[in-house]
Amino acid sequence: MLKTILIGFGNIAANYADDIFMQKWFKYSTHLQVLRDHPDFYLKAIIDKNKIALDKAKLLREIPEVKQNINQLDDPDEFDVAILAIPPEERIEIIEKLPKVRAIIFEKPLATDISNALKIIDLCHKRRIIAEVNFPRRFDEKVMESLERLPNELGKLQSAFAIYGNGLNNNGSHLLDLTRMLIGNCIWVQSLANGLYDQISPIKNDLNIPFALGFKNEVKLLVQVVKFDSYREVYLDLWGTKGRLSFLQEGLFSAYSSLKRHRFSEYDYELENDNRLISLMGQSNAMYNLYDYLKLKIDNKDFSNKNLIHSLEVIEIIKKIEVSFLRKDERIFL
């Protein structure tokens with residue numbers, strides 16, 4: 001078993017696993033739940049600066065080391081895998097204090113700026129560390145099946161729309177990662193904020209602003225913001241020449257509308273939006289699949305870290321959106 005350290009227990013790990021509503025839909029909503037069940041990983045230590053979170057971790061009793069600081073570890077050299085569920089600003093320092101770690105899972109985003117993201121990628125390359133970023137939709141088997149079916153079910157993509165909230169760097173990064181997977185390479189961005197924004201996000205100095213993206217395949221994506229104190233949503237809606245596919249309820253479901261003869265216009269067609277095929281996606285097991293994928297990469301000595309590059313591209317899009325906002329909604333090319 002791979003000796004694993006979880007850095008950043010926090011409120012999510014402490015509370016999500018006990019949330020009865022979360023349990024109904026997600027078998028694995030936290031790293032702790034995966035680490036309890038996965039036969040290839042042994043959770044040897046938890047680190048968290050927050051005393052309340054630390055006290056909750058101590059109540060678990062099955063974790064040998066529960067510390068407030070990484071410097072308090074009995075032996076930093078013994079860990080094979082690190083889970084970094086801490087703010088992006090602290091990550092390079094932590095990696096340097098785990099000299100023999102072989103693999104890392106980063107909570108999203110990889111970093112809050114391109115410079116630090118490149119430093120992390122370079123450090124992983126130099127030390128031959130296998131790394132992944134926790135974008136669960138990337139490890140959702142149903143999302144990957146949808147990706148394979150897109151040409152047949154949607155035809156040529158015509159338009160796309162999206163919703164997010166609680167931070168461009170935070171939930172917006174999930175949306176942008178899914179968008180890149182399903183639509184392709186982004187070539188320009190444009191803020192649509194008209195100077196208006198809010199900074200409600202767990203990430204410092206994050207923005208919530210509407211924006212547009214242009215893609216190499218000439219598709220344009222329009223993105224709006226909702227406030228999570230009203231309701232939560234991270235939503236992507238794809239309209240093709242042969243059908244419509246939406247990912248809704250924060251990726252928990254998909255909804256597909258097929259092409260039909262128009263019901264009241266004899267020579268036209270319509271999308272049957274009042275009779276959509278609703279499917280449960282694989283988010284319940286996506287985080288577990290992430291650990292399976294990491295173990296496979298460790299076994300195969302796969303140091304390519306291609307998903308870190310994908311994560312860097314998401315950060316680049318976000319930074320360009322922020323620049324566009326500062327330049328009064330100027331269109332910015334990547």
Side-chain angles (χ1 to χ4, degrees), residues 1-48 50 52-67 70 73-75 78-86 94 98 100-108 129-145 174 177 249-253 279-302 305 307 311:
M1 296 178 75
L2 297 161
K3 285 187 179 179
T4 303
I5 180 169
L6 173 58
I7 303 171
F9 187 61
N11 289 327
I12 290 180
N15 297 328
Y16 271 21
D18 298 324
D19 187 324
I20 59 172
F21 293 100
M22 187 71 70
Q23 289 173 12
K24 181 179 178 180
W25 296 102
F26 291 85
K27 185 175 182 180
Y28 299 104
S29 60
T30 71
H31 293 288
L32 179 64
Q33 289 171 310
V34 178
L35 290 165
R36 279 173 164 170
D37 286 1
H38 206 293
D40 297 318
F41 296 84
Y42 166 48
L43 182 55
K44 176 71 166 51
I46 289 176
I47 305 289
D48 201 295
N50 185 293
I52 295 174
L54 211 64
D55 288 342
K56 288 186 176 182
K58 288 176 180 176
L59 291 174
L60 300 174
R61 300 190 183 279
E62 73 254 31
I63 315 300
E65 291 188 75
V66 180
K67 308 287 186 181
I70 195 168
L73 288 170
D74 294 341
D75 181 11
E78 70 176 321
F79 295 100
D80 301 298
V81 178
I83 315 301
L84 301 191
I86 54 175
I94 293 293
L98 296 169
K100 296 188 178 179
V101 73
R102 299 164 57 194
I104 298 174
I105 293 176
F106 295 96
E107 270 302 324
K108 54 76 189 157
I129 295 171
I130 295 167
E132 285 294 331
V133 179
N134 183 25
F135 282 124
R137 291 162 183 80
R138 188 169 287 279
F139 302 97
D140 182 330
E141 292 175 346
K142 298 292 181 65
V143 170
M144 302 315 293
E145 290 172 7
H174 282 298
D177 187 65
Q249 306 303 126
E250 300 185 70
L252 192 62
F253 293 97
S279 302
L280 180 66
M281 304 305 286
Q283 285 295 288
S284 178
N285 289 293
M287 192 178 291
Y288 192 98
N289 296 341
L290 163 60
Y291 280 76
D292 275 346
Y293 185 67
L294 186 73
K295 179 60 167 58
L296 181 64
K297 288 179 68 178
I298 293 170
D299 291 344
N300 292 335
K301 295 182 172 56
D302 179 358
N305 286 341
N307 283 340
S311 299

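Just so it is clear, the values below take in all heavy atoms, side chains as well, and ignore hydrogens, waters and symmetry mates. If you read the sequence from its start, that first residue is 1, and numbering goes on from there.
- Residues Leu6 and Asp48 have side chains not in contact (no heavy-atom distance under 4.5 Å, counting atoms from C-beta outward).
- Using a 4.5 Å heavy-atom cutoff, the side chains of Thr4 and Tyr291 are not in contact.
- Distance alone, capped at 3.5 Å, is enough to place a donor-acceptor pair between the Asp140 side chain and the Gly282 backbone.
- A distance of 10.0 Å separates OG in Ser311 from CG in Asn134, rounded to the nearest 0.5 Å.
- If you take CG on Leu59 and CD on Glu62, they are separated by 10.5 Å, rounding to the nearest 0.5 Å.
- Taking the charged nitrogens against the carboxylate oxygens, Asp177 and Arg137 have no contact shorter than 4.0 Å, which rules out a salt bridge.
- The salt bridge (Lys or Arg N to Asp or Glu O under 4.0 Å) test with Asp80 is passed by exactly one of Arg102, Lys3, Lys100, Lys44: Arg102.
- With sequence neighbours left out, the salt bridge (Lys or Arg N to Asp or Glu O under 4.0 Å) criterion links Asp55 to Lys51.
- The aromatic rings of Phe253 and Trp25 lie perpendicular to each other, with more than 60° between the two planes, well past the 30° mark.
- The residues Lys297 and Glu132 are annotated as salt-bridged, a charged nitrogen and a carboxylate oxygen being separated by less than 4.0 angstrom.
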Between Glu107 and His31, is a side-chain hydrogen bond (donor to acceptor under 3.5 Å, both in side chains) present by the stated rule, with each step listed? CA-CA 10 Å; Glu107 270 302 324; His31 293 288; 2.6 Å; yes

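- Tyr288 and Tyr28 have tilted rings, their planes meeting at an angle from 30° to 60° on a 0 to 90° scale.
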